[in-house]
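Order of appearance sets the numbers: ligands from 1, and atoms from 1 within every ligand.
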Amino acid sequence: MATTAEPGTTSEATNRPTPAKGWGSDAADQPLRPMEFERRALRPDDVAIKITYAGICHSDLHTVRGDWPGTVYPCIPGHEIVGRVTAIGNEVTRHRVGDTVAVGCMVDSCMACDQCLAGWEVFCREGCTQTYNSPDRHTGENTKGGYTDHIVVRDHFVLKVPEGMDEARVAPLLCAGITTYSPLRQYGVGTGTKMAVVGLGGLGHMGVKIGHALGAHVTMITTTPSKGNDARELGADDVIISTDAKQMEEAATRFDFILNTIPVGHEIGPYLELLGRAGRMVIVGAISPMPGFHARDLIWWNRAVGGSAIGGIPETQEMLDFCAEKGIYPDVEFIEMRQINEAYERLIRNDVRYRFVVDMSKGL
Ligand SMILES: [Zn+2]
Ligand SMILES: [Zn+2]
C-alpha cells in the first residue's frame, strides 16, 4: 500500500480522513470558489483516487445554480472524473495502486436489488448515490464531486481506463459518452441504421461519433448551417437544417432512430414525422416539461418516443472499452480550475467545442 504524501494516500496503519481541496459554491447566486474539506477514511471496499482531469457537464451548472430542486450547499460538483489510484481498502481486488481509473455520475448503490443485480445501478430501488449533491449511504453526508484534488469511491463504481487511452480526453465519456452510448446500444443502432442526431453540443457531438463508429448512417439535424459543417467533421454523413421546411419535408419517414439532445423543452412533433416505420426517438437532453404532441404522429407508422439516462456500471465499462478500441474521444478544451466561473458563462452561451475539461496538474 502506498505511503507517500500524495493526496488521498493512506496506509492501513494510518487510515484516517484526508484533507482535500476543491471548488464549489455557497449559494445559487454565488460563483464557485476554492474550498477545503475532508475525504473520508477508506472503508474496506473503497478506492482513493488522485484526480488528474475533470469534465464540466451542464448538470454541474444547473445544480450549483439551483435550477433543479434539492441542491445542498456548499456544493462541489463534477461527475466526469479521471485519475490515478493512490490507495485501496483491504477488501479491494479489482483495482491496484497506480491504476488509471475513472468515475462517472454515481458512487454507490444498494448492490442487492433487482436493478443493481442486473447492472442498472442508476435505477437502484433505494436510489443510487450520485457523485455530488447526494447523501452518502452510511453517513448521510452530502457527496462532493470531481472539482477536487482527490476522491474516495466504492470499488464497484470505479471504472478502468483501458491501457493506451489518452487519459486527458477520457473524462467527458463518463457522462456525455455513456448518456449517448447507452440508448444506441439499447435500440440496436448499428450497420445500416438510418440515425439522426438532433442538436450539436456535448451530448450531440458524442452521439455523432459513437453512431458513426457503430456503423450507422448519421444525419445531423440542426438549426445552424455552420454547425452542419462541424458535424460532418465529427463524422456525420448528412445534414438537415431544421428551419428549412423543404429539407424537413423531404426527410419525412426517413429515419430508424433519432437521438434527441436538445437541452430545453421543445415541440417534438416535427421530429416525430421524420421517423419511419417502428422508428424510435430517444430524448436524452431535456430534463424539463415538454409541450404536447399529437398521438397520430406515433400511431401512424408505429412510432415510439422514449428517454434514456446514463447506463449502469457494466455498460459504462463496455463504453470505455469500445471508445478505446475505436479511438473515440470527445472534442475538448482544457482549462484551469481557476477559470471555472468564466467557463460556466461560456457554457450558457454554448460557446465550447464541445466539452471543457479541467487539467488538475495546473493547480486548484
Ligand atoms: Zn453530466
Ligand atoms: Zn439497488
Side-chain angles (χ1 to χ4, degrees), residues 24 32 45 51 53-65 67-68 70-71 75-82 102-138 143-148 151 153-157 159 169-183 199 201-207 210 259 261-264 283-288 307-316 319-320 330 332 340 343-344 347-348 350 352 354-358:
L32 277 76
D45 58 354
I51 298 174
Y53 296 94
I56 297 176
C57 174
H58 234 112
S59 305
D60 303 348
L61 188 155
H62 285 307
T63 305
V64 297
R65 298 210 169 170
D67 295 337
W68 297 330
T71 304
C75 175
I76 299 183
H79 60 202
E80 296 179 340
I81 298 168
V82 169
V103 177
C105 303
M106 53 185 170
V107 288
D108 205 355
S109 72
C110 85
M111 292 306 294
C113 73
D114 59 341
Q115 298 304 306
C116 286
L117 294 176
W120 285 97
E121 303 88 342
V122 59
F123 302 127
C124 174
R125 299 285 178 189
E126 295 185 5
C128 69
T129 306
Q130 296 184 30
T131 305
Y132 62 85
N133 196 48
S134 191
D136 180 89
R137 287 180 60 80
H138 299 266
T143 54
K144 296 176 179 66
Y147 297 8
T148 50
I151 190 166
V153 178
R154 186 176 180 182
D155 56 353
H156 178 81
F157 294 82
L159 289 309
R169 293 188 288 157
V170 166
L173 296 176
L174 278 301
C175 178
I178 186 61
T179 301
T180 49
Y181 180 83
S182 183
L203 292 174
H205 100 290
M206 286 311 304
I210 294 171
L259 184 72
T261 74
I262 297 174
V264 293
I283 295 167
V284 293
I287 304 184
S288 48
S308 185
I310 57 167
I313 292 295
E315 192 175 51
T316 306
M319 177 276 306
L320 283 174
V332 302
I340 184 70
Y344 273 17
L347 197 58
I348 289 168
N350 207 13
V352 55
Y354 287 93
R355 208 67 153 176
F356 288 115
V357 170
V358 181

Trainee: Under 2.8 Å from the Zn ion (ligand 2), is there any N, O or S atom belonging to Cys110?
Mentor: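 Yes, within the cut-off.
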Trainee: Do Tyr344 and Asp60 have a side chain donor and acceptor closer than 3.5 Å?
Mentor: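 No pair is found: no donor N or O on one side chain lies under 3.5 Å from an acceptor on the other.
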Trainee: So, is His79 placed with an N/O/S atom under 2.8 Å from the Zn ion (ligand 1), counting both backbone and side chain?
Mentor: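 So His79 does bind the Zn ion (ligand 1) by this criterion.
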Trainee: Tell me whether Ser134 contacts the main-chain N or O of Thr143 through its side chain, where contact means a donor paired with an acceptor under 3.5 Å.
Mentor: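 Not at all, since once roles are kept as given, no pair shorter than 3.5 Å links the two residues.
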Trainee: The Zn ion (ligand 2) as vertex, arms to SG of Cys116 and SG of Cys124: angle to 10°?
Mentor: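 Rounded to 10°, it measures 100°.
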Trainee: Is any side-chain heavy atom of Glu315 less than 4.5 Å from a side-chain heavy atom of Trp120?
Mentor: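 They are in contact (side-chain heavy atoms under 4.5 Å apart), so the answer is yes.
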Trainee: Would you mind telling me which of Leu159, Val103, Ile310 makes a side chain to side chain contact (heavy atoms under 4.5 Å, CB included) with Thr316?
Mentor: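 Running side chain to side chain contact (heavy atoms under 4.5 Å, CB included) over Leu159, Val103, Ile310 with Thr316 returns exactly one hit, Leu159.
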Trainee: So, 2.8 Å as the limit: is an N/O/S atom of Cys175 located closer than that to the Zn ion (ligand 1)?
Mentor: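 Checking Cys175: at least one N, O or S atom is under 2.8 Å.
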